[in-house]
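First comes the structure, then the notes that go with it.
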Amino acid sequence: MSFNENFDIILPNEFGRKYTQRYKQYTYSNIDGYDGIPNWNLKDFGCGPSSIATILSSIGYDIDPIEVAKIILLDENGNLLDFFTNKEKNRYGLVTLSFIYLLQELIDKKKFELEYKLVKISYEYPLLKKEQVINMLMDEYMALILVGPKGCVNHPRTFSNYGHYIALTSVNKNNQEIYVANPNKTGDLQIDTTYSYETIITNMFNNTYDFLMIKNKSLIKKR
């Protein structure tokens, strides 16, 4: 593994871990007012842009969390887009829909050769999609998920004490457990650790249960 101020380069290993460029949101300063973005602090609230930049950079596209945030938060004329969850609290959170918007903008405007799928998990039977999710991660996909407690005292808090986006990057072929790229400081200690699908599920916001799966179609064409 090599280090950069804003990201780590995590190299593939013999167990199936993929090349990963993990962005660290806490290395960014407050970008309130950055190119017209109001009330936005990437350091404290930029886990989504950092995680999606991690995925896109890891699969072959040069894009950082600030560029991601600008596409999500502002339209091409600089007008503020309404993708926030807490407008009464200074527009802190970003909804999952914002990342689908981002991916479609990158496909349509920047001609990124991306494919994405939203895999939804049943509340009653969360293990039904386990094989599909594992197989997609072992293949060409990485995934964005939302984790963290939401009014749950006994939440495991494996990845964060708050609502938080992380990336799922790969699967250990020996134990079928998942490698994560967590953009906060806790993630610094999780690079070589794998987590069971069940652990991932128990950490997810119980009102989402969505895996936003993303791959680069152009890499597949070259093989």
Side-chain angles (χ1 to χ4, degrees), residues 10-22 47-48 51-61 95-100 102-104 107 112-150 152 154-160 163-183 186-187 190-223:
I10 304 165
L11 298 176
N13 67 15
E14 60 187 298
F15 305 112
R17 184 175 65 193
K18 301 170 189 171
Y19 169 91
T20 305
Q21 185 168 314
R22 170 188 167 256
C47 55
S51 293
I52 204 81
T54 288
I55 293 172
L56 295 173
S57 297
S58 300
I59 62 176
Y61 290 103
V95 296
T96 303
L97 178 62
S98 67
F99 301 106
I100 296 176
L102 165 80
L103 295 174
Q104 200 57 53
I107 292 169
F112 282 23
E113 294 195 62
L114 299 171
E115 180 179 306
Y116 62 89
K117 296 180 180 180
L118 194 63
V119 178
K120 299 186 73 67
I121 307 302
S122 164
Y123 291 101
E124 292 80 11
Y125 306 103
L127 297 184
L128 283 179
K129 297 292 183 70
K130 176 179 179 179
E131 183 176 359
Q132 178 185 357
V133 169
I134 293 293
N135 286 342
M136 291 177 80
L137 291 172
M138 291 184 74
D139 191 22
E140 308 293 343
Y141 289 90
M142 291 187 176
L144 179 74
I145 65 169
L146 180 60
V147 299
K150 186 177 183 182
C152 178
N154 296 320
H155 191 281
R157 291 170 165 79
T158 306
F159 306 108
S160 177
H164 186 59
Y165 287 102
I166 67 171
L168 310 182
T169 65
S170 355
V171 174
N172 183 306
K173 61 186 178 182
N174 290 343
N175 60 16
Q176 301 289 288
E177 291 191 344
I178 297 169
Y179 290 97
V180 305
N182 182 354
T186 299
Q190 297 177 327
I191 290 170
D192 293 314
T193 305
T194 56
Y195 300 90
S196 69
Y197 177 87
E198 290 77 6
T199 297
I200 298 293
I201 286 291
T202 58
N203 274 273
M204 292 174 74
F205 258 31
N206 61 10
N207 67 332
T208 59
Y209 272 16
D210 296 337
F211 291 77
L212 180 55
M213 315 293 295
I214 304 165
K215 72 178 179 181
N216 182 347
K217 294 190 294 184
S218 66
L219 291 181
I220 300 169
K221 288 178 183 178
K222 294 177 182 178
R223 294 184 177 180

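- L102 CG to Q104 CD: the interatomic distance, rounded to the nearest 0.5 Å, is 10.0 Å.
- Every residue two or more places apart in sequence or in another chain that forms a side-chain hydrogen bond (donor to acceptor under 3.5 Å, both in side chains) with T199 is listed here: S196.
- Between the K215 side chain and the I59 main chain, no donor and acceptor come within less than 3.5 Å of each other.
- Between L168 and M213, every side-chain heavy-atom pair lies at or beyond the 4.5 Å cut-off.
- In this structure, F211 has no ring pair (Phe, Tyr, Trp, His ring centres under 6.0 Å) partners at least two apart in sequence or on a different chain.
- Remark: Y195 engages F159 in a ring pair (Phe, Tyr, Trp, His ring centres under 6.0 Å) (not counting sequence neighbours).
- Checking side-chain atoms of K129 against main-chain N and O of K120 turns up a donor-acceptor pair under 3.5 Å.
- For the atom pair D210 CG and F99 CZ, the distance stands at 12.5 Å (nearest 0.5 Å).
- With K18 contributing its side chain and V171 its backbone, the two residues share no donor-acceptor pair below 3.5 Å.
- Between L114 and L103, the shortest heavy-atom distance links the atoms CD1-CD2, 3.9 Å.
- Remark: Q132 pairs with no residue by the side-chain hydrogen bond (donor to acceptor under 3.5 Å, both in side chains) rule, at least two apart or across chains.
- Taking the charged nitrogens against the carboxylate oxygens, K130 and E198 do have a contact shorter than 4.0 Å, which makes a salt bridge.
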### Task
Carefully, step by step, assess L144 and T96 under the rule side-chain contact (heavy atoms from CB on, under 4.5 Å).
CA-CA 9 Å; L144 179 74; T96 303; 5.5 Å; no

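- Using a 4.5 Å cut-off on side-chain heavy atoms (C-beta onward), I178 and T194 make no contact.
- With sequence neighbours left out, the side-chain hydrogen bond (donor to acceptor under 3.5 Å, both in side chains) criterion links T158 to N203.
- For Y116, the ring pair (Phe, Tyr, Trp, His ring centres under 6.0 Å) test picks out no residue, with sequence neighbours left out.
- No donor-acceptor distance shorter than 3.5 angstrom exists from the side chain of S57 to the backbone of Q21, with no hydrogens or angles considered.
- Distance check: S160 OG to N182 CG gives 7.5 Å after rounding to the nearest 0.5 Å.
- Looking at residues two or more places apart in sequence or on another chain, you find no salt bridge (charged side-chain N to carboxylate O under 4.0 Å, His left out) involving E131.
- Under the rule for a side-chain contact (heavy atoms from CB on, under 4.5 Å), the partners of A181 that lie at least two apart in sequence or sit in another chain are T20, R22, T54, A167, T169.
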### Task
Let me see the working for Q176 and M138 under side-chain contact (heavy atoms from CB on, under 4.5 Å), right down to the final yes or no.
CA-CA 9 Å; Q176 301 289 288; M138 291 184 74; 4.0 Å; yes

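- E115 CD to E140 CD: the interatomic distance, rounded to the nearest 0.5 Å, is 10.0 Å.
- Across all their heavy atoms, S51 and Y165 have their closest contact at OG-O, 3.1 Å.
- Two residues are said to be in side-chain contact when any heavy atoms from C-beta on lie closer than 4.5 Å; Y197 and L127 meet this criterion.
- Applying the salt bridge (charged side-chain N to carboxylate O under 4.0 Å, His left out) test to pairs two or more places apart or on separate chains, none has a residue in residues 164-183.
- By the 4.5 Å heavy-atom criterion applied to side chains, L212 and I55 are not counted as neighbours.
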Please output the side-chain donor-acceptor pairs of residues 10-17 that fall under 3.5 Å, not counting sequence neighbours, one pair per line with the distance.
{"residue": "N13", "atom": "OD1", "partner": "F15", "partner atom": "N", "Å": "3.0"}
{"residue": "N13", "atom": "OD1", "partner": "G16", "partner atom": "N", "Å": "3.2"}
{"residue": "N13", "atom": "OD1", "partner": "R17", "partner atom": "N", "Å": "3.0"}
{"residue": "N13", "atom": "ND2", "partner": "Y179", "partner atom": "OH", "Å": "3.1"}
{"residue": "R17", "atom": "NE", "partner": "L11", "partner atom": "O", "Å": "3.1"}
{"residue": "R17", "atom": "NH1", "partner": "I191", "partner atom": "O", "Å": "3.4"}
{"residue": "R17", "atom": "NH1", "partner": "D192", "partner atom": "OD1", "Å": "2.8"}
{"residue": "R17", "atom": "NH2", "partner": "L11", "partner atom": "O", "Å": "3.1"}

